[in-house]
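Each ligand, and each atom within it, is numbered from 1 in the order the structure gives. The first residue of the sequence shown is numbered 1, and numbering continues consecutively from there.
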Amino acid sequence: MAEKKPDQLSLAEAAAELKRLADEIAEHDERYHAQDAPIVSDAEYDHLRLRNAAIEERFPELVLASSPSKRVGAAAQEKFGKVRHRVPMLSLANAFAEEDVTDFLSRVRRFLNLPETTEIEVTAEPKIDGLSISLRYERGKLAQAATRGDGAEGENVTANALTIADIPAKLAGAAPNVLEIRGEIYMSHKDFATLNEKQLQAGDKTFANPRNAAAGSLRQLDSSITASRPLRFFAYAWGEAPELPGETQFDAVMAFRKLGLPVNSLMKICRSPAELLAQYRDIEERRADLGYDIDGVVYKVNRLDWQERLGFVSRSPRWAIAHKFAAEQATTVLEGIDVQVGRTGALTPVARLRPVTVGGVVVSNATLHNEDEIARKDLRIGDTVIVQRAGDVIPQITSVVLDKRQASFKPYVFPDHCPACGSAATREDDVVRRCSGGLICPAQRVERLKHFASRNAFDIEGMGDKIIEEFYHDGLIQSPQDIFTLAERDDRSLKKLKDREGWGEASVKKLFDAIDQRRGVALDRFIFALGIRHVGETTARVLARAYASAAVLRDQMIAAVPESEAFNELNALDGIGAVVAHSITEFFAEPHNVEVVNELLRHVTPAALAAVQSSSVVAGKTVVFTGALEMMTREEAKSMAERLGAKVAGSVSKKTDLLVAGPGAGSKLKEAEKHGVEVIDEAEWFRRVGG
Ligand code: IVH
């Protein structure tokens with residue numbers, strides 16, 4: 001059928017065609033970028049885009065929020081496509097003490113049944129503190145790059161990997177048909193400092209450490225941003241590799257180097273525990289001069305036939321171990337203690353420190369957890385303290401250098417009034433002091449709004465913490481429902497959002513579109529977003545399933561006074577105990593909260609969750625997943641089981657009904673055998689649930 005010219009289309013026809021084009025182009029984008037499997041030629045694709053543009057030009061009032069014209073060519077993806085790893089990307093077991101290293105070698109010897117006299121060669125190399133990546137080369141060309149993700153499935157970052165100078169687009173010399181190189185993306189200390197400096201000047205966010213900077217830079221939807229970031233790469237392992245060049249770990253990695261891949265020059269073959277430990281100490285000594293972050297030394301059994309025999313336990317190989325460095329420490333001065341007020345009014349102290357470098361990262365504050373911890377350590381403002389940072393963890397103060405304490409430093413007195421609103425702050429449960437100001441407390445209100453819009457709640461794109469704070473302070477958003485009237489109020493207002501600094505017509509439209517998109521939010525997210533104490537995502541899901549609509553939930557909770565039928569019903573729900581039930585009914589007993597819910601329901605229509613198939617064979621059963629799942633991700637497995645009415649647990653106990661075990665299953669499998677729990681594999685799972 002010949003296409004009508006845009007100006008021959010009726011309004012309704014144009015609207016329908018724009019919708020169809022948006023969907024179709026989005027599908028081609030997804031196939032092209034995420035699946036690498038386009039089904040149309042470039043010319044056909046271009047034709048669709050041109051047609052879309054022509055109709056939009058004739059009917060500008062019909063331009064969709066999701067229009068392909070709003071996305072630019074190659075960067076059309078809204079998020080990365082998924083890549084299923086052909087060989088799972090595993091992690092490493094850790095060793096901290098020297099005897100963990102000797103134990104590792106004894107285990108290897110025992111497993112392989114080798115006599116004491118047989119020498120076991122083990123490679124030792126730095127453990128790079130970056131993020132792992134899998135690079136798939138086909139006939140020598142980089143065909144796909146993927147992040148680790150959950151080990152089974154990662155994100156397709158091919159376009160970005162191609163911008164990294166250390167990663168060759170083409171391997172040198174005679175390359176095998178298929179070779180998946182695994183290694184670490186990282187950023188040097190120098191480049192990290194320069195990048196942060198640039199970010200600061202541009203008013204963009206700075207990164208806490210080189211690893212975050214590397215991860216943030218790699219995971220950019222716009223690969224020109226990745227290209228501008230100085231990322232580096234080391235190859236140290238492999239995934240699918242049918243023609244692996246070498247019979248030992250060392251030779252394989254050396255062969256990678258010949259193919260043009262950067263490998264770490266500190267890798268060495270050791271022949272005894274003593275040699276391993278000497279290499280460990282040597283690398284630790286060089287650590288400060290390397291110019292990039294490392295957090296330990298990785299040992300790997302050198303012979304690949306032995307690696308093969310040793311195999312895996314749970315998520316890590318038996319043939320390798322990471323010998324971690326001890327946490328790093330530094331001495332600095334405690335300049336102050338700030339008390340922050342959270343969403344539920346909890347007062348949390350934060351130490352303000354004179355900035356100090358700990359393990360290559362500048363630290364200027366540290367967690368103090370709660371007032372008891374300050375008292376226990378007797379921290380006083382002015383004290384010289386020892387700060388420790390271990391890997392990812394937020395820095396902590398380990399102790400006070402008492403020699404440096406001066407008589408004028410007074411014991412710290414924790415405030416008994418809220419620093420934000422002045423209301424009394426009291427301790428009800430054991431450690432946490434809370435502001436009693438409730439909704440009059442501006443700090444609590446802002447925190448609640450942040451929670452409301454956050455990723456696991458309403459998930460309003462573009463409405464991050466900073467914007468909420470700004471909008472709150474400028475009186476634009478005081479209560480959650482104000483988010484949904486923002487656009488119409490802006491229409492009437494003389495001080496338009498688009499005229500604010502840093503904003504413009506396009507960014508305002510984008511925000512309003514993002515808000516509109518969430519008016520049909522899922523009911524469990526709606527409930528979670530209300531920020532009821534003790535109601536996390538799981539409880540919100542239980543409530544959403546039990547009450548099916550926000551109005552029913554509201555009415556039932558208002559009716560749920562103690563002893564009532566409604567209360568008993570709530571209390572009887574699986575996973576809802578007395579404390580949670582009490583907290584929910586208390587929330588709905590507060591007229592102001594009911595008003596917020598009512599107001600919200602004028603603007604949003606929460607969608608009920610898909611019905612649980614109570615007829616399924618796993619309905620009501622407690623299921624645990626373990627090992628490397630190959631047909632689904634952990635998340636998928638979990639949501640599928642829940643949809644089928646099963647409860648998914650993280651560990652095996654005698655209450656477990658079913659263990660679904662993939663390759664590499666370890667301790668959970670043993671537990672299941674101990675308790676006589678039925679164990680099936682992934683294929684059997686699909687057979688049973690009819691997938
Ligand atoms: S070997 C099968 N070697 O550490 C295990 N990993 O804690 C393959 N890492 O996910 C990994 N430096 O991201 C290996 N020289 C190295 C490493 C290294 C850093 C990371 C890697 C892995 C994590 C495990």
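For the pair V157 and F80, the minimum side-chain heavy-atom distance is below 4.5 Å. Between V178 and R136, the closest side-chain pair of non-hydrogen atoms falls below 4.5 Å.
Applying the ring pair (Phe, Tyr, Trp, His ring centres under 6.0 Å) rule to H323 yields the partners Y280, Y299; only residues at least two apart in sequence or on another chain are considered.
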Begin with the C-alpha distance, continue with both residues' side-chain angles, and end with the deciding distance and a verdict on side-chain hydrogen bond (donor to acceptor under 3.5 Å, both in side chains) for E125 and Y236. CA-CA 9 Å; E125 70 201 65; Y236 53 63; over 6 Å; no

Assess the residue pair V385 and T331 against the criterion (side chain to side chain contact (heavy atoms under 4.5 Å, CB included)); give the C-alpha distance rounded to whole Å, side-chain angles, the decisive distance to 0.1 Å, and a yes or no. CA-CA 6 Å; V385 292; T331 306; over 6 Å; no

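For the residue pair D191 and T194, no side-chain donor N or O sits within less than 3.5 Å of a side-chain acceptor on the partner.
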Write 'none' if nothing qualifies; otherwise put on separate lines each N/O atom of ligand 1 with a protein N/O atom under 3.5 Å away and their distance to 0.1 Å.
from	atom 1	to	atom 2	distance (Å)
ligand 1	3 (N)	K300	NZ	3.0
ligand 1	4 (O)	K127	NZ	3.1
ligand 1	7 (O)	K127	NZ	3.4
ligand 1	9 (N)	Y236	OH	3.4
ligand 1	12 (N)	I128	N	3.0
ligand 1	13 (O)	S132	OG	3.3
ligand 1	13 (O)	E184	OE1	2.8
ligand 1	13 (O)	E184	OE2	3.4
ligand 1	13 (O)	Y236	OH	3.3
ligand 1	15 (N)	E125	OE2	2.7
ligand 1	15 (N)	P126	O	3.2

